[in-house]
Amino acid sequence: MSRGRGVVQRAIIEAFAAEPGRRFTVGELAELAYPGRPIEKHHMDAVRRALISVEQTTGLARSRVGVSGRRGWQYRIGLDDA
């Protein structure tokens, strides 16, 4: 039996509920999920794992997008019809 969503999953869902049209990078979501902590690789990995499970249940669509020479993820609420 599932114990429900974890802290990181809830932080991701809250971020998109607050700003549904915004694009977030994994680093930005990690900062929201772990406020006041220095973000390390294991934090980023936890956010990536949480995104995979949240994506399947909430309908978030992800795609890679280049931002000033770095890679980030663009998330949109809902799935594209096209």
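Below, all heavy atoms of this structure are taken into account, side chains as well, without hydrogens, waters or symmetry copies.
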Contacts of E19 meeting salt bridge (Lys or Arg N to Asp or Glu O under 4.0 Å) (sequence neighbours excluded), chain-then-number -> R22

Measure the CZ-CG distance between F16 and L32 for me, rounded to the nearest 0.5 Å. 9.5 Å

Across all chains, not counting sequence neighbours, the side chain to side chain donor-acceptor pair (under 3.5 Å) partners of Q9 are S53

Approximate separation, where rounding is to 0.5 Å, of H43 NE2 and L29 CG: 14.0 Å

For residues R10 and R5, report the shortest heavy-atom separation together with the two atoms involved. NH1-O, 2.6 Å

For A30 and V47, which heavy atoms make the closest approach, and how far apart are they? CA-CG2, 3.6 Å

If you look at every heavy atom in V26 and M44, which pair is closest and at what distance? CG1-O, 3.9 Å

Minimum-distance pair of heavy atoms, taken over all atoms of A33 and A11: CA-CB, 3.8 Å

Identify, with sequence neighbours excluded, every residue that meets side chain to side chain contact (heavy atoms under 4.5 Å, CB included) alongside A46. Y34, R49

